[in-house]
Amino acid sequence: MIPHTFLQDLLNRIDIVEVVGKYVQLKKGGANFMGLCPFHTEKSPSFTVSPSKQFYHCFGCGAHGSAIGFLMEHTGLAFVEAVTELAQSAGLTVPREPQFNSAGNNVAASPRNLASSLVDTMRQACDYYRKQLRGATNAVTYLKKRGLSGEIAARFGLGYAPDNWQNLSAVFSAYRAPELSEAGLVIDSQKTDAQGQPRRYDRFRDRIMFPIRNMRGHVIGFGGRVLEQGEPKYLNSPETPLFNKGNELYGLFEARAAIREKGYVLVVEGYMDVVALAQLGFPNVVATLGTACTANHVHKLFRQTDQVVFSFDGDPAGQRAARRALEASLPHAADNRTIRFLFLPTEHDPDSYLREYGAAALAREIAGALPLSQFLLNEILANKPLEQPEGRAQALFDAKPLVQSLPANALRAQILHRLATQFELPLAEVTRLCEVKQAPAQAIRQAPVRSERRRVTDNEQRALRNLISWPRIADTLDQDERHTLLHITRNTAFFEEVLTHAQALGNTANFSLLSDLLRNSRYAPAYEEIFREILVYDENVRDLMQSTLEMSSVDTDRYQEQERLAGAELKAAIIKLRYSELCERREHLARQLKLSAEETAEFATLLRQTAELKQRLAS
């Protein structure tokens, strides 16, 4: 874990204008810098960077944060990677607080947690494979037969692993060094050599090598394809400290600029599809790495664009892959995002379809891809006798987990309406059977006019929003108030995480840095929804941001008054949460026919406590 004090020191040392200026053309405007927002399409600048506050904010789409957050959102770097890159630019070394396992061992000191030491090993291997391709006539002939040019091969760093058992011994004099095994480049056999050591040999032999890069451009793994016949057709690097198939996408590093330019990303199934489509006019293509699409994949894609198109073969395997992509995408299906599914004829993959019918034809197919809502309904209704009650019941049974995975937004509401119409049932009945809230809240990107803003009635949600908006008020909570948030709320994990960060940040805690830290959480998608709500509905936070960005100095009195009011509102919300819990227990006891002596005493205590809390609420 990176100490919070280091994060604060890092942000004090770097210049956010310099960081953002590498990716966005900024112009001086008063005390700040302005530019076109890199996170949504706009014609007039609404993206503002404050050098004095070291903060960026877009008044069009709500994107916001520090230099750490900008690198995470714009380049797709993970939190630790973004911090490391900024630290290197500032000449700092990122410290790590020790982490201990149940046995008391310092896991942070384990070689598997020192992944950066393997980056140079992977680079040397990649350079070797690239040099070998130049003289490998069979490999070059194969790539030319597949229609690939030398230029595109160079752009993606393609290489060749010769058909020998220990090619890498020519690169690494210490061929038995543990780094080679740790990086997944070699395999240690169960058989031993003359010295009694396990026999070691290269993992990749006689294969076209596709280097897999992370968002910093570092090679973290390889995909090796056989030249002609052989099994497996594609061989991937194993899981290593650098490489996890469930988190990485092939070609994302190379496709970043094109994805933003074209406004969408096309997800395909194979390495060759990515490279071939990039050569033929579709550079905004990525591929999963021989594994099913995961929620982490989808989350990483939505850091780059609001439109994702999945392309799968029309055969049964492609249909299964599409279903897994659907399930991974549902939690990320916000109202301001578009997710579609493209099914090509069974005899074609995207590469072959493009070569046979041309770029215009493939572009039309992409434009007409099936929306997520329609594919979801097709999956729910497929192969069921809907004219029979049993068939409709089975469809509703299958719909339940899928609908529950959707965020509580307008898209989910419309899908519920479609299901109600299909089954000729009242909407309330379908909603009840699927066990979702009847009136889902809309996730909107643009702020509505003041008269249209919704009233927040959920005490728990409001308490969480206040803590994230004004994290310094966490220090004003007493032990009972903290207990309420950490033990009787529905989202105790959220409150525990926010309170932990707020306490560690201390008096320097603010929305900007806290939001960057929460983007590193496993609950990041849920926090993103809260961030949007804060920036859309909370006039105080949004207006304060605007005044902070536009004024040469912060109105300290106004800030402290708003923070005080937020603290008072938080405490009132906690009282209401506590009151509701005690009332529920009191009513439970009141429904009992006979109470024990202990329960009678508890009931009397509850009457007194609820009366006191009610009086506090009234005052």
Side-chain angles (χ1 to χ4, degrees), residues 41 133 139-158 208 210-212 223 225-228 233-234 249-290 293 297 301 304-322 325-326 329 337-375 378:
T41 303
L133 178 61
V140 173
T141 301
Y142 172 81
L143 292 175
K144 287 183 176 179
K145 187 172 68 175
R146 293 298 302 264
L148 299 185
S149 66
E151 181 183 355
I152 200 70
R155 177 185 167 193
F156 281 85
L158 302 191
I208 300 291
F210 294 81
I212 302 164
R225 194 201 189 284
V226 294
L227 292 180
E228 296 298 341
K233 183 178 179 181
Y234 281 97
L249 290 153
Y250 177 69
L252 184 56
F253 173 77
E254 292 82 359
R256 289 177 305 165
I259 290 171
R260 295 190 183 279
E261 179 182 347
K262 291 183 175 290
Y264 74 95
V265 60
L266 179 65
V267 185
V268 298
E269 296 185 81
Y271 299 92
M272 195 63 74
D273 285 329
V274 172
V275 179
L277 265 64
Q279 177 176 308
L280 297 172
F282 290 85
N284 53 324
V285 182
V286 301
T288 52
L289 301 171
C293 181
H297 289 145
L301 290 171
Q304 305 297 320
T305 180
D306 285 337
Q307 296 192 54
V308 177
V309 181
F310 292 101
S311 176
F312 299 97
D313 297 339
D315 58 15
Q319 290 285 342
R320 290 192 296 271
L326 170 69
S329 299
R337 294 171 174 170
T338 301
I339 303 170
R340 291 179 288 155
F341 295 82
L342 171 62
F343 297 98
L344 295 173
T346 54
E347 67 273 17
H348 282 294
D349 56 30
D351 177 21
S352 65
Y353 188 92
L354 175 58
R355 294 183 187 278
E356 181 165 342
Y357 297 105
L362 180 59
R364 285 194 297 271
E365 290 290 335
I366 293 172
L370 206 62
L372 176 142
S373 59
Q374 188 58 57
F375 182 44
N378 291 351

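As the structure is a computational prediction, the values presented were derived from the model and not from experiment.
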Check your understanding: Do Tyr142 and Arg225 have side-chain N/O donor and acceptor atoms under 3.5 Å apart?
Key -> yes
Practice item. Write down the atom of Phe310, the atom of Ser329, and the distance for their closest heavy-atom approach. Key: CE1-OG, 3.4 Å
**Study point:** Test item: His348 and Tyr357 side chains (from C-beta on) under 4.5 Å apart, heavy atoms
**Key:** yes
Practice item. Identify the two heavy atoms, one from Val274 and one from Val286, that lie closest to each other, and give their separation to 0.1 Å. Key: CG2-C, 3.6 Å
Review point. Going by distance alone, is a donor N or O of one side chain under 3.5 Å from an acceptor N or O of the other, for Thr288 and Glu269?
Key: no
**Study point:** Nearest-0.5 Å distance, CZ of residue Phe375 to CG of residue Leu342
**Key:** 11.5 Å
Review point. Between Phe341 and Ala325, what is the shortest heavy-atom contact and its length?
Key: CE2-CB, 4.1 Å
Check your understanding: Mind checking whether Phe210 and Leu158 have side chains closer than 4.5 Å, heavy atoms only?
Key -> yes
Review point. Looking at side-chain heavy atoms only, is the closest gap between Pro283 and Glu254 below 4.5 Å?
Key: no
Check your understanding: Between atom OG1 of Thr305 and atom CZ of Arg337, what is the distance when rounded to the nearest 0.5 Å?
Key -> 10.0 Å
Exercise for review: Test side chain to side chain contact (heavy atoms under 4.5 Å, CB included) on Val309 and Val265 and set out the steps.
Suggested key: CA-CA 6 Å; Val309 181; Val265 60; over 6 Å; no
Review point. In Å and rounded to the nearest 0.5 Å, what is the OG1 to CG distance from Thr338 to Asp306?
Key: 7.5 Å
Review point. So, the side chain of Arg155 versus the backbone of Val275: is there a donor-acceptor pair under 3.5 Å, distance only?
Key: no
Practice item. Mind listing the closest non-hydrogen atom pair of Tyr271 and Gly223 along with its distance? Key: OH-CA, 3.7 Å
Check your understanding: Given Ser311, which of Ile366, Leu362, Val267, Leu344 fulfils the side chain to side chain contact (heavy atoms under 4.5 Å, CB included) condition?
Key -> Leu344
Practice item. Assess whether side chain to side chain contact (heavy atoms under 4.5 Å, CB included) is satisfied between Leu301 and Leu249, documenting all intermediate values. Key: CA-CA 9 Å; Leu301 290 171; Leu249 290 153; 3.6 Å; yes
Check your understanding: About how many Å separate OG of Ser352 and CG of Asp273, when rounded to the nearest 0.5 Å?
Key -> 8.0 Å
Check your understanding: Can you check side chain to side chain contact (heavy atoms under 4.5 Å, CB included) on Leu277 and Leu354, steps first, answer last?
Key -> CA-CA 8 Å; Leu277 265 64; Leu354 175 58; 4.1 Å; yes
Review point. How about Arg355 and Leu280: do any of their side-chain heavy atoms sit closer than 4.5 Å?
Key: yes
Revision key, fill the gap. Heavy atoms of Tyr353 and Glu365 approach each other most closely as OH-OE2, 3.2 Å
Practice item. For residues Leu133 and Ala139, report the shortest heavy-atom separation together with the two atoms involved. Key: CD1-CB, 3.7 Å
Exercise for review: Kindly compute the distance separating CG (Asn378) from CG (Leu370), expressed to the nearest 0.5 Å.
Suggested key: 5.5 Å
Exercise for review: Look at the side chain of Arg146 and the backbone N and O of Thr141, then say whether any donor-acceptor pair between them is shorter than 3.5 Å.
Suggested key: no
Check your understanding: Checking Asn284 side chain against Ala255 main chain: does a donor-acceptor pair fall under 3.5 Å?
Key -> no
Check your understanding: What is the distance from atom CZ of Arg340 to atom CG of Leu266, rounded to the nearest 0.5 Å?
Key -> 9.5 Å
Point to revise | N/O donor-acceptor pair under 3.5 Å between Gln279 side chain and Gly147 backbone | key: yes
Check your understanding: Between Arg256 (side chain) and Phe253 (backbone), is there a donor-acceptor pair under 3.5 Å?
Key -> yes
